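Shown next, in structure tokens, is the structure this report addresses.
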Amino acid sequence: MSELIRTRFAPSPTGRLHLGNVRIAVFNWLFTRHHGGAFVLRIEDTDVERNVPGAEEALMGDLRWLGLEWDEGPDVGGVHGPYRQSERGHLYQEALAALLDQGEAYRCFCAEGEGSEETRRYPGTCRSLDREEAAARAEKGEMHVVRLRTPEAGTIEIRDEVRGDITFPASDIDDFVLRRADRRPTYNFAVVVDDVTMAISHVIRGGGHLSNTPKQALLFDAIGAPRPRFVHLPNVLAPDGGKLSKRHGAQGVEALRDEGMLPEAIVNYLSLLGWSHPEEKEVLTRDELVAAVDLDRVRASEMAYDPDKLRWVAAQHLARLPLRAVVDGVRPFVDRSRFPLSDPALGPAMEALRSRLSAFGEVNDHLGFVFPQDGAAWDELRAALRRDPEGQEVLREAHASLEALEGWDREGVRTAFKEAGRRTGARGPGLFHPLRKAITAAESGPDLGWICVALGREEVLHRLEAAMVA
RNA sequence: GCCCCCAUCGUCUAGUGGCCUAGGAUAUCGCGUUCUCAGCGCGAAGACCGGGGUUCGAGUCCCCGUGGGGGUACCA
């Protein structure tokens with residue numbers, strides 16, 4: 001594609017972004033970056049009653065956090081601004097005047113909802129009203145809307161980049177409203193004027209808009225502007241196959257962010273919904289996605305959101321992070337009130353349990369391996385250990401070896417355990433089980449060597465002593 | 001009601017008429033590695049919605065049905 005690629009993401013500020021919305025932004029962004037185009041953020045706030053205060057900032061915050069930077073938008077400006085529909089009234093006005101002038105649109109004085117029950121279409125009552133007369137009535141303040149003069153017969157052909165050519169019967173599309181009685185533009189009208197004036201080349205949006213497309217195509221034609229390429233991404237369904245919505249299966253970006261999930265992982269997972277890598281690779285970095293994502297491998301069929309796979313992708317990304325990054329990522333999430341973990345201990349602790357994380361916020365679910373909580377259960381375990389002569393022997397010898405240890409690292413600790421094993425004749429579970437129980441109060445868990453390093457010599461010795469017969 | 005879109009393992013998908021006795025991923029289960037769990041490695045089970053065509057040959061093309069989704073607003 002040699003033309004200038006310009007795309008847009010146009011959310012309404014009615015709430016936080018959820019995975020369904022964000023996926024649209026992800027494709028727009030990926031596609032645009034792939035082609036070196038410009039990505040525009042436009043706020044569709046025409047419906048004043050539905051606007052939620054602060055939603056615009058929140059939504060921009062979510063997008064930025066995901067790394068989906070826009071080149072033009074309400075906060076960064078741009079030559080095609082303003083970027084809020086509420087501030088673009090004059091553009092709609094101008095476009096409307098031109099349409100009225102050319103006879104492409106006409107004033108309609110009918111009462112709201114007038115139309116036959118059968119077809120549910122507006123019958124075109126005011127279509128043939130005298131233009132001068134209509135203008136005069138409007139001048140006098142008579143309530144009216146403005147409608148587009150649409151073809152009565154024939155077909156409307158549109159091209160969708162993922163589905164190909166689609167034909168709609170023109171008779172199915174009535175003379176729809178462009179401007180309401182209160183003079184606000186309708187959605188379909190505002191969108192087209194915006195896309196034209198912002199020189200959008202590719203309209204990439206949810207499949208739900210496919211049915212709006214013939215109307216919008218007609219509007220582009222009426223305005224005399226070339227139609228953009230239409231790209232309708234298949235809809236995302238809830239995990240159970242039903243409709244995805246905030247209250248049904250849709251995760252909010254905010255929630256995932258609060259959980260400490262890697263934004264790159266979210267972008268990666270979302271990219272896999274409806275698109276596939278030519279070599280079927282699934283774990284991809286942002287750069288790899290930008291390099292690979294294009295329209296030719298986008299599917300047309302809808303699909304379900306799968307939280308399990310999201311988790312898996314996230315875990316894969318996390319696993320590829322250097323330890324340093326895991327430690328930094330996890331640090332703000334550690335519940336210090338429950339886990340007396342010193343900062344230097346974070347490294348070994350993460351070595352021990354990073355493989356079970358898919359998001360940083362999950363640390364607290366696993367730190368219990370290092371800092372057991374249940375005192376009563378631990379006491380029982382210790383008591384049982386004290387009644388076990390072989391276990392006692394292991395504990396005693398391990399304690400001695402550990403105490404004599406020069407430094408305090410994983411290899412040293414493991415060597416000390418093995419020495420204790422050699423001296424007592426205990427091997428395998430016979431050796432590690434009593435140690436693990438004494439140190440972590442659990443029968444299973446992460447690598448004991450790393451846990452010991454994280455706990456420090458003093459604490460480990462202390463725990464061993466607590467489980468030994470005095 | 002009418003219009004439009006969609007249809008491969010539970011889920012995400014590969015597949016563009018013969019390479020498909022349908023491949024990969026996830027989830028599930030088993031084995032191995034490991035003190036154990038997680039991870040990792042290996043393996044098992046698991047799908048072309050139904051019916052008609054077209055063709056020497058159909059998951060792939062056409063039609064009908066069924067199911068799901070969207071639209072039919074002075075909502076977006």
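Remember, predicted model here, so these are calculated numbers, not experimental data. Protein chains get the first letters and strands the later ones, always in sequence-line order, with residue 1 at the start of each.
- Annotation: cation-pi pair A/R23/A/W275 absent, no NZ/CZ under 6.0 Å from the ring centroid and within 45° of its normal.
- Remark: the separation of the C1' atoms in B/rU8 and B/rC3 is 28 Å, to the nearest Å.
- No side-chain heavy atom of A/L273 sits less than 4.5 Å from a side-chain heavy atom of A/L233.
- OP1 or OP2 of B/rG15 sits under 4.0 Å from a side-chain N or O of A/R297.
- Contact annotation: A/K243 does not reach the phosphate of B/rG68 (side-chain N/O to OP1 or OP2, under 4.0 Å).
- In this model, no side-chain donor or acceptor of A/K309 finds a partner on the base of B/rA27 within 3.5 Å.
- Across B/rU16 and B/rC37, the matching C1' atoms stand 46 Å from one another, rounded to whole Å.
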Listing time: all N or O pairs from protein to nucleotides 58-65 of chain B that are below 3.5 Å?
none

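- The base of B/rA27 is not paired with the side chain of A/D306 by any donor and acceptor separated by under 3.5 Å.
- The residue from A/R354, A/R311, A/R356 that alone fulfils the salt bridge (Lys or Arg N to Asp or Glu O under 4.0 Å) condition with A/E362 is A/R311.
- With a cut-off of 3.5 Å on both pairing distances, B/rG59 has no Watson-Crick or G-U wobble partner at all.
- Atom CZ in A/R299 sits roughly 5 Å away from atom P in B/rU13 (whole-Å rounding).
- Close to B/rC4, at under 4.0 Å from its OP1 or OP2, lies no side-chain N or O of A/S211.
- One C1' atom belongs to B/rC9, the other to B/rC48, and the distance between them is 10 Å to the nearest Å.
- Salt-bridge check for A/R42 with A/E44: passed, with a basic side-chain N closer than 4.0 Å to an acidic carboxylate O.
- Of the side-chain N and O atoms in A/Q316, one or more sit less than 4.0 angstrom from OP1 or OP2 of B/rC40.
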Distance-only criterion, 3.5 Å: show the donor-acceptor pairs between side-chain atoms of residues 445-453 of chain A and protein atoms not counting sequence neighbours.
unit_1 : atom_1 : unit_2 : atom_2 : d
A/D447 : OD1    : A/R410 : NE     : 3.0
A/D447 : OD1    : A/G449 : N      : 2.9
A/D447 : OD1    : A/W450 : N      : 2.9
A/D447 : OD2    : A/R410 : NH2    : 3.1
A/D447 : OD2    : A/R414 : NH1    : 3.3

Dump every N/O contact between nucleotides 33-35 of chain B and the protein below 3.5 Å, one line per pair.
unit_1 : atom_1 : unit_2 : atom_2 : d
B/rC35 : O2     : A/R436 : NE     : 3.3
B/rC35 : N3     : A/R436 : NH2    : 2.7
B/rC35 : N4     : A/R436 : NH2    : 3.2
B/rC35 : N4     : A/L448 : N      : 2.9

